[in-house]
Amino acid sequence: MTDSNLTDRNAPWRVELRDAITAKERTAIPRVEMPMQEPGERVHNNREVNLGLTPLQAVTEATRCLDCPEPGCIQGCPVSINIPSFIKNIQRGDIAGAAHVLAMSSSLPAVCGRVCPQERQCESKCIYLKMRKPAVAIGYLERYAADTAREQKLLPAPVNMAQRGTKIAVAGSGPAGLSFAGEMARLGYDVTVFEALHEIGGVLKYGIPEFRLPNRVVDAELDRLREAGVKFEKGTVIGKTLAYDDLLNAGFRGVFVASGAGLPRFMGIPGENLNGVLSSNEYLTRVNLMGAGQPGSMTPVDRGSRVVVVGGGNTAMDSVRTARRMGAEEAIIVYRRGRDEMPARVEEIEHAEQEGVKLLTLHNPVEFIGDDSGHVCAVRLQRMELGEPDASGRRSPRPVEGDIVEMPVDEVIVSVGVSPNPLIPSAIDGLDVTNRGTISVDLGLRSSISTIYAGGDIVRGGATVILAMGDGKRAAASMHAALKEN
Amino acid sequence: MFRIVEKSRFSEKVVRLVVEAPRVARSRRPGHFVIVRTGAGGERIPLTIADADTEIGTVTLVVQEVGASTRNICALEPGDCFDDLVGPLGRATDISLKGTVVCCGGGVGTAPLLPIIQAMKEAGNRVISVLAARTRELIILEDDVRRFSDEVIIMTDDGSYGTKGLVTQGLENVLLREHIDEVVAIGPAVMMKFVSLLTKKYDVPTICSLNTIMVDGTGMCGACRVTVDGRMRFVCVDGPEFDAHKVDFDEMIMRMKAYNNYGHD
C-alpha cells in the first residue's frame, strides 16, 4: 500500500465510500458517546476513565465524516494530520492504514487522541458545527486507530535511519522533545534525548494522571522512538550535568531545548507557605511520578479529607480528581471566574463533576489560616463577580467588597500556572531570554545561539501537549534545513 | 547506575559514600548538591557533595540517617548502586577574595562546607573554621577541614571534645576578637538561625545553605520554597545558598516538619 493511496481523496476506494451513502443519511447518525468507567467505581481506582470505542462504534463514527473537499479540521490541527484520510481508512476497516496516516504527521497519536483539546482545534472546524450538529469525534477516532494499531501490532517496526550520523541533542523528554526527536530520527539524524528526571516522558509522566493517560500508552510510543534509533539518557540536566560546551565537544551539531514548564506560580497571599498548601506540580509529581500512596512507594503525600484546588485549568482538574482518588471526601475547585470561563476542557470538568467534585466559582482565596502546628486549617475566600471582558476575551472577575467567607479545609493545591523552567536559560551564556523567562526564538524556533532551537513551554510559557508537539516538528524542519545548507 | 566504591562510617547514623559519577564529579562546584534515588519506589533525596575526584570520576556524599529513605541509603555497601544520581544542582558558592572568612559547620553540615573552606582558602582568604556538634563522635571531617583552614575551633554541647558550648559561642569569640569579612554557616536550620541572629548583631555578611524538602530538585515542584527578604524563593534553583540575614528561618523550620508523620525527620 503506497502512502498516496492512503491519502488520495480521489482513490477509487474513497470515492466509493463517499458514494455509498447519502449526505442526509450520514448526517443523521448521532455522534458516538465514549464508553467510560462508572463514576462511583472509578474514584476508587486509578485506571483510565475513557475506555475507547468499539470497532463498530469507530466505523459508524467514521461514516459520519463527510470527507470534505476542503477540510477545515486539518487547519485546526497544530501538526496538520490528514484527518479525513485517517478517518476514511477506519471506515473501510484499514486500521493499519489509518495508523500509518497518523504516523506521517504525529509521533504520539495515542497520547494526542486522549489529551488534545480537540473541541478547540480540529473538531472546532468540523463542517457539522455549521449544520448545528456535534462535530465528528476526531479525537476518539485518533485514539481508536492508534490503540488498535499498537495492541494488534499493525504497524511495521520503525526503521532506524540514523545513518546520516549527525548528532543532535534534545534537552527534555516531554511532548516537544519527543516530537522533535521522532522527526529528526526519521530524517536520519543520530538523536539523543537528555532528561533531568528519572523517567522519560516529561509532563506525560509526572503531570497527566494515569486515569487520563496511562503510562503504558506513553511507554509504547517511547519504544517506537527507540526502535527508530532515538537514544535516551535520564538523570542528565543540560546546563548542569553537561554544559552546552560539553555537548559541542561531544560532537553534537544542534540542540533542541524543550525543558518545559518550571516553577509553580503562587498567589502571594498570607499563609501560602503553610504545610498542607502545595502546588499542583508538587502534588501531581508526588502521586504520578513518585507513586505516592501506592504500595512500595517511599514518597509521602498528604491525603486531606477536605481538599481545595485553586484554579480552573486542566491541571486543576487533574489535581482535584487525583485528590478524590486519594480518598478526599470533599474535593472542591475554587475558581475566581465563572464555569464558562474555565480554561479546562469541558470533558474534564464534566468528568470531575461526575466524580463528585464541587465547583465553587466566583470565589478567590485571600488568605490561608493555619493551626498551631503550621498546617492549613481554613481558607478565606473573597466573593467575586464578573465585569467587562479583559484582554483574553473572558469577563474579568472583580471582588464583591466586604463579602468574604471562611471555609475549613485540610489541604490546598494551588494550580494557577507555572513559569518556564529557569535551569537552562540561566545556564547558557548568550542565550536570549524574554522578560517572562522564556527563551527567545525566531519563526523557525531558532534561539539567539544559531545551533540552539527551543520549543514547547520553555518558549510558550504554558501551553498544551499538541502545541508543544507542533513546535518540535517545526523546529526539526527548521534545524534540518539549516544543517543541510552547511 | 552509580556504583558505590567506598564506604566509611563517621558515627552510628552518619556514613560517607564515595560514588562513581564522572559527569557530576567534573561539573560540580562548591555549593552544589545532588539528588539520589535507590530501589524500586525510592524517594528522591537531596544530598550535599563533600568532595569529588575528577580523575577517577567519583563524588563523596555524607548521609545522615533521619528516616526510611536515608536509612536505605546508609545501608548501601561498596558494589551497590544508586538507581539515579542527578546533578550537580543548585547555584555554586560565590567564591572570591573577601579577607577573613569564618566557616561554621554544624553536624553533617561540615560535609558541604568542606569544599567551600577549600575554595575560600585557595581564593586567598584567611579561613577560620568552627565545627560544632552535640558530642565528639559527631564532629566529622576534622582533618580535611584543618588542611585548608588557618584556624579550627571545635565546639561540643557536652564538652566531650574541643570547647564546651554551642557554635554561636565559638563564633562570637572570634567576632569579638577580630574583624571578619564574611561568615558561611551550614548545619541544622535552627543552628543557622542562631548564627544569623548573632552575625546580624555584629553586622557581618552571612551566607547559609538551606536543606529544605524537595521532590524533583530541578525547579518544578515548589516544595523547597522559602521566604527570603519577603519574597518567595526556591532553594533548588535560586539557592541553596542565601543571605542568612534575610531568610525566614522560623517558617523554614515549620515547613521542614511537613512530613514528620511519615517517618521523616
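In what follows, every chain begins at residue 1, and chains take the letters A, B, ... in the order their sequences are listed.
A distance of 7.5 Å separates CD1 of B/Ile45 from CE of A/Met298, quoted to the nearest 0.5 Å. Considering CG of B/Asp216 and CG of A/Asn281, their distance stands at 8.0 Å, rounded to 0.5 Å. Of the inter-residue distances, the one linking B/Arg28 atom CZ with A/Thr241 atom OG1 reads 14.5 Å to the nearest 0.5 angstrom. The CE atom of A/Met267 lies 9.0 Å from the CE atom of B/Met232; values are rounded to the nearest 0.5 Å. Taking CG from A/Leu197 and CG from B/Asp84, the interatomic distance works out to 9.5 Å, rounded to the nearest 0.5 Å.
Heavy atoms only, all atoms of each residue included: A/Pro264 and B/Phe234 are closest at O-CZ, 4.0 Å. Across every non-hydrogen atom of B/Gly42 and A/Met290, the tightest pair is O-CE, 3.4 Å. The shortest non-hydrogen separation linking B/Val86 to A/Gly235 is CG2-O, 3.4 Å. Considering every non-hydrogen atom in both B/Thr218 and A/Asn421, the closest pair reads O-ND2, 3.1 Å.
Interface residue B/Arg255: backbone and side-chain heavy atoms are both found under 4.5 Å from chain A. Interface remark: B/Asn72 contributes side-chain atoms only to the contact with chain A (heavy atom separation under 4.5 Å). For B/Ala223, the parts sitting under 4.5 Å from any heavy atom of chain A are the backbone and the side chain alike. In this structure, no portion of A/Tyr283 lies under 4.5 Å from any heavy atom of chain B. Heavy atoms of B/Ile253 lying under 4.5 Å from chain A are absent altogether. For B/Met254, the parts lying under 4.5 angstrom from a heavy atom of chain A are both the backbone and the side chain.
Comparing A/Glu233, A/Gln294, A/His375, A/Lys234 by how many heavy-atom pairs each has under 4.5 Å with chain B, the most go to A/Glu233. Each of A/Ser280, A/Ser297, A/Gly262, A/Ser373 has some count of heavy-atom pairs under 4.5 Å with chain B, and the biggest count is that of A/Gly262. In terms of heavy-atom pairs under 4.5 angstrom with chain B, the leader among A/Val277, A/Leu289, A/Val237 is A/Val277. Note on B/Gly222, B/Ser27, B/Gly219, B/Ala40: by heavy-atom pairs under 4.5 Å with chain A, the leading option is B/Gly219.
Both tests do not hold together for B/Arg44 against A/Tyr206: distance to the six-membered ring centre under 6.0 Å, angle to the ring axis within 45°.
In this structure, a donor-acceptor pair under 3.5 Å is present between the side chains of A/Asn273 and B/Arg225.
Annotation for B/Lys98: atom NZ counts as buried by contact number, over 12 foreign heavy atoms lying within 6.0 Å. Around atom CZ of A/Arg226, more than 12 heavy atoms belonging to other residues, nucleotides or ligands sit under 6.0 Å away. Within a 6.0 Å radius of CZ in B/Arg9, more than 12 heavy atoms belonging to other residues, nucleotides or ligands are found. With a 6.0 Å radius and a threshold of 12 heavy atoms from other residues, nucleotides or ligands, A/Asp429 has its CG atom at or below the threshold. Environment of CD in B/Glu77: crowded, with over 12 heavy atoms of neighbouring residues, nucleotides or ligands closer than 6.0 Å.
Between B/Met220 and A/Ser279, every side-chain heavy-atom pair lies at or beyond the 4.5 Å cut-off. Here the side chains of A/His198 and B/Ile35 are not in contact, with every heavy-atom distance at 4.5 Å or above.
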Inset, instruction - Take A/Asp246 and B/Arg26 through the test salt bridge (charged side-chain N to carboxylate O under 4.0 Å, His left out) and record every step on the way to the result. - result: CA-CA 11 Å; A/Asp246 292 331; B/Arg26 205 187 38 186; 3.8 Å; yes
